[in-house]
**Student:** 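Quick one: structure below, then a few questions.
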Amino acid sequence: MQGLITLDFGNSNPHAGLFQKVDGKWDLIKVVPFNELQIYTNQLGMSANNSSVVLCEVKSREEELAPLAEQGYLITRVKEYWRGTRFAGMPVNYAKTLGEDRLIEAFYCYKKEKIPTLLIDAGTFVTMDVITENGFMGGYIIPGTEAYFSTYGKGEQLKDVPLTLNFKHQLPQETADAITESYSAFAALAKSLISEHKIQKIVLTGGLTTLWEGFFTTEKTGLVVEGHPHLIHWALQYWMTTQIEPL
Ligand SMILES: Nc1ncnc2c1ncn2[C@@H]1O[C@H](COP(=O)(O)OP(=O)(O)O)[C@@H](O)[C@H]1O
Ligand SMILES: CC(C)(COP(=O)(O)O)[C@@H](O)C(=O)NCCC(=O)O
C-alpha cells in the first residue's frame with residue numbers, strides 16, 4: 001500500500017486527508033481533524049515507511065507538525081515551490097503574498113476545468129478567485145459569516161439581535177433580516193464577476209459551502225455550480241502526484 005497525507009492548516013480547523021493508492025488509483029479514505037491524525041494513521045496502517053506528507057499552510061503550526069517529522073515522514077511544503085508569477089506552469093496574476101490554499105486550489109481548477117471558473121472557498125474568510133485558460137487572474141478576500149456578523153456587536157440596538165443564517169432573498173422588513181440579508185452583497189459581487197469574466201462554472205468549497213450554494217441555486221443562470229467539500233485535499237494530492245513525485 002502507498003499512502004499520502006494532505007495537510008490543510010487554514011486559519012481554523014486544521015485537518016488532514018488520508019489517501020491510499022489502491023489498484024493504481026488514489027482514493028481519499030478519510031478527512032480528519034489534525035489532532036486525530038495519529039489514531040487514523042494507526043488504524044489504516046499508514047506510517048513513514050509507506051506514506052508521505054504534503055502541507056499547505058496559511059497559519060504556521062510547527063510545534064504540532066514536529067511529531068510527524070520525528071516519526072520520519074517526508075514533508076513537502078507548497079511554500080517551497082511558490083516563488084510568484086508562475087506555479088507549476090500556471091501563470092499567476094497576483095502578488096507573491098497569495099495564500100497557499102488559494103494557489104493550490106486554483107492550480108487544480110486550472111488543470112481540471114479548462115473553462116472560466118469562479119472558485120469560492122467559504123471558510124473563516126471567503127475567497128473568490130477567477131481562473132481562466134490564462135491562469136489565476138485575481139480575486140477577493142471577504143469576511144466569513146462569523147467575522148462579518150461580529151461587526152454588528154458595535155451597534156447598541158443591533159448587538160443582541162438573534163440571527164439565524166436563514167436567507168429569504170427578499171427586501172428585509174425587520175432588524176434580524178436587515179442584518180442577515182446584507183451578507184448577500186457578497187453574492188452580488190460574485191454575480192458581477194460571473195458576467196465580467198464570462199464565468200461558466202462555479203466551484204464551491206469550505207465550511208460555508210451550503211450557504212453559498214443557496215445564493216446561486218435561487219436563480220436560473222445556466223451556470224454549472226459544483227460543491228467540492230474536500231477540494232484542498234484533492235488539489236494537494238493532484239499537485240503532489242503529478243508535479244512533485246509520481247507516487
Ligand atoms: N458544518 C458546518 N456548518 C456550518 N458552518 C460551518 C460548518 N463547518 C464549518 N463551518 C463554518 O465555516 C468556517 C470555517 O470553515 P473552514 O473551511 O473549516 O475554515 P478554514 O478556511 O479556516 O479552513 C467557520 O466560520 C465555521 O463557522
Ligand atoms: C485569504 C485567507 C485568509 C483565506 O484563509 P482561510 O479562511 O481559508 O483559512 C488566506 O488564503 C491567506 O491568508 N492569504 C494570504 C493573503 C492573500 O491571499 O492575498
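Residues take their numbers from the sequence shown, with the count starting at 1. Every number for a ligand or one of its atoms is a count from 1 in the order of the listing.
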**Student:** Check this for me: E146, atom CD, are more than 12 non-hydrogen atoms of other residues, nucleotides or ligands nearer than 6.0 Å?
**Tutor:**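 No.
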**Student:** Can you name the atoms of ligand 2, numbered from 1 with element, that are less than 4.0 Å from a heavy atom of G10?
**Tutor:** 9 (O)
**Student:** Return the residue, atom name and 0.1 Å-rounded distance of the protein heavy atom closest to atom 7 (O) of ligand 2.
**Tutor:** F125 N, 2.9 Å
**Student:** Give yes if a backbone or side-chain nitrogen or oxygen of L98 is under 3.5 Å from a nitrogen or oxygen of ligand 2, and no if not.
**Tutor:** no
**Student:** Answer yes or no: are there more than 12 heavy-atom neighbours, outside E174 itself, under 6.0 Å from its atom CD?
**Tutor:** yes
**Student:** Is it the case that ligand 1 has an N or O less than 3.5 angstrom from some N or O of T145?
**Tutor:** no
**Student:** Could you tell me, atom by atom, which parts of ligand 2 come under 4.0 Å of a heavy atom of T97?
**Tutor:** 15 (C), 16 (C), 17 (C), 18 (O), 19 (O)
**Student:** May I ask you to check whether T127 has an N/O atom sitting below 3.5 Å from an N/O atom of ligand 2?
**Tutor:** no
**Student:** At a non-hydrogen distance cut-off of under 4.0 Å, which region of V58 contacts ligand 2 (side chain, backbone, both, or neither)?
**Tutor:** side chain
**Student:** Pairing donors with acceptors under 3.5 angstrom, does anything connect the side chains of Q43 and Q38?
**Tutor:** no
**Student:** Is atom 15 (O) of ligand 1 close to the protein, meaning a heavy atom under 4.0 Å from it?
**Tutor:**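 Under 4.0 Å from atom 15 (O) of ligand 1, at least one protein heavy atom found.
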**Student:** Nearest heavy atom to atom 8 (O) of ligand 2: which of I232, D101, V126, I142 does it belong to?
**Tutor:**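 Closest candidate by heavy-atom distance is D101.
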**Student:** Can we say E181 and K168 salt-bridge, meaning some charged N sits less than 4.0 Å from an Asp/Glu carboxylate O?
**Tutor:** no
**Student:** Is the shortest distance from a Lys or Arg side-chain nitrogen in K79 or E100 to a carboxylate oxygen in the other one below 4.0 Å?
**Tutor:**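 The answer is no: the pair does not qualify as a salt bridge.
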**Student:** Treating T151 as the side-chain partner and Y148 as the backbone partner, does any N or O pair qualify as donor plus acceptor under 3.5 Å?
**Tutor:**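 Side chain of T151 to backbone of Y148, a donor-acceptor pair under 3.5 Å: yes, one is there.
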**Student:** Between T209 and G227, which heavy-atom pair has the shortest distance, and what is it?
**Tutor:** CG2-CA, 4.4 Å
**Student:** Can you check whether I141 has an N/O within less than 3.5 Å of an N/O in ligand 2?
**Tutor:**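 Not met; the criterion fails.
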**Student:** Below 4.0 angstrom from a heavy atom of R102, which ligand 2 atoms are there? Numbered from 1 as shown, please.
**Tutor:** 11 (O), 17 (C), 18 (O), 19 (O)
**Student:** Would you mind checking which non-hydrogen protein atom is closest to atom 22 (O) of ligand 1, with the distance to 0.1 Å?
**Tutor:**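 Looking only at protein heavy atoms, the one closest to atom 22 (O) of ligand 1 is T124 OG1, 2.6 Å.
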**Student:** Tell me whether ligand 1 is touched by S12 - counting only heavy atoms on the residue side and a distance under 4.0 Å.
**Tutor:** yes
**Student:** Quick check: does any side chain N or O of R86 sit under 3.5 Å from a backbone N or O of R83, one acting as donor and the other as acceptor?
**Tutor:** no
**Student:** Classify the side-chain pair Y152/S182 by whether it contains a donor and acceptor separated by less than 3.5 Å.
**Tutor:**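 A pair is found: one side chain offers a donor N or O, the other an acceptor, under 3.5 Å apart.
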**Student:** Near G206, which atoms of ligand 1 are under 4.0 Å from a heavy atom of that residue?
**Tutor:**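 It comes down to these atoms of ligand 1: 17 (O).
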**Student:** Without swapping roles, check the side chain of N50 against the backbone of G45 for a donor-acceptor pair under 3.5 Å.
**Tutor:**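 Looks like yes, one N/O pair under 3.5 Å.
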**Student:** List the closest protein heavy-atom neighbour of atom 12 (O) of ligand 1: residue, atom name, distance to the nearest 0.1 Å.
**Tutor:**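 Checked against all protein heavy atoms, atom 12 (O) of ligand 1 sits closest to G207 CA, 3.5 Å.
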**Student:** Please check whether N11 reaches ligand 2 - meaning an N/O of the residue sits under 3.5 Å from an N/O of the ligand, judged on distance alone.
**Tutor:** yes
**Student:** Note the single closest protein heavy atom to atom 11 (C) of ligand 1, along with its residue, its atom name and the distance in Å.
**Tutor:**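 Closest protein heavy atom to atom 11 (C) of ligand 1: L208 CD2, 3.9 Å.
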**Student:** Quick test: of every protein heavy atom, which one is nearest to atom 25 (O) of ligand 1, and how far off is it to 0.1 Å?
**Tutor:**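 Heavy-atom neighbour on the protein nearest atom 25 (O) of ligand 1: E146 OE2, 3.3 Å.
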**Student:** Taking 4.0 angstrom as the limit and counting only heavy atoms of G123, give me the atoms of ligand 1 inside it, by number and element.
**Tutor:** 13 (C), 14 (C), 15 (O), 16 (P), 17 (O), 19 (O), 21 (O)
**Student:** Under a 4.0 angstrom heavy-atom cut-off, which atoms of ligand 2 come close to G99?
**Tutor:**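 What qualifies from ligand 2 is 11 (O), 14 (N), 15 (C), 17 (C), 18 (O).
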**Student:** I'd like to know if R77 pairs up with E57 as an ion pair, taking the criterion as any Lys NZ or Arg NE/NH1/NH2 lying under 4.0 Å from an Asp or Glu carboxylate oxygen.
**Tutor:** yes
**Student:** For T124, take its heavy atoms, then give the atoms of ligand 2 lying under 4.0 Å from any of them.
**Tutor:** 7 (O)
**Student:** Might you confirm whether atom CD of E62 has over 12 heavy atoms from other residues, nucleotides or ligands at distances under 6.0 Å?
**Tutor:** yes
**Student:** Where on N13 is there a heavy atom closer than 4.0 Å to ligand 1, on the side chain, on the backbone, on both, or on neither?
**Tutor:**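 Answer for N13: side chain.
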**Student:** Would you call the rings of Y183 and F167 parallel, tilted or perpendicular, taking 30° and 60° as the class edges?
**Tutor:** tilted
**Student:** Only heavy atoms of Y94, strictly under 4.0 Å: list the atoms of ligand 2 that pass.
**Tutor:** 17 (C), 18 (O), 19 (O)
**Student:** Take a 6.0 Å sphere around OH of Y238 and say whether it holds more than 12 heavy atoms from other residues, nucleotides or ligands.
**Tutor:** yes
**Student:** For ligand 1, which atoms have a heavy atom of N11 less than 4.0 angstrom away?
**Tutor:**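 So the answer, numbered in order with elements, is 22 (O).
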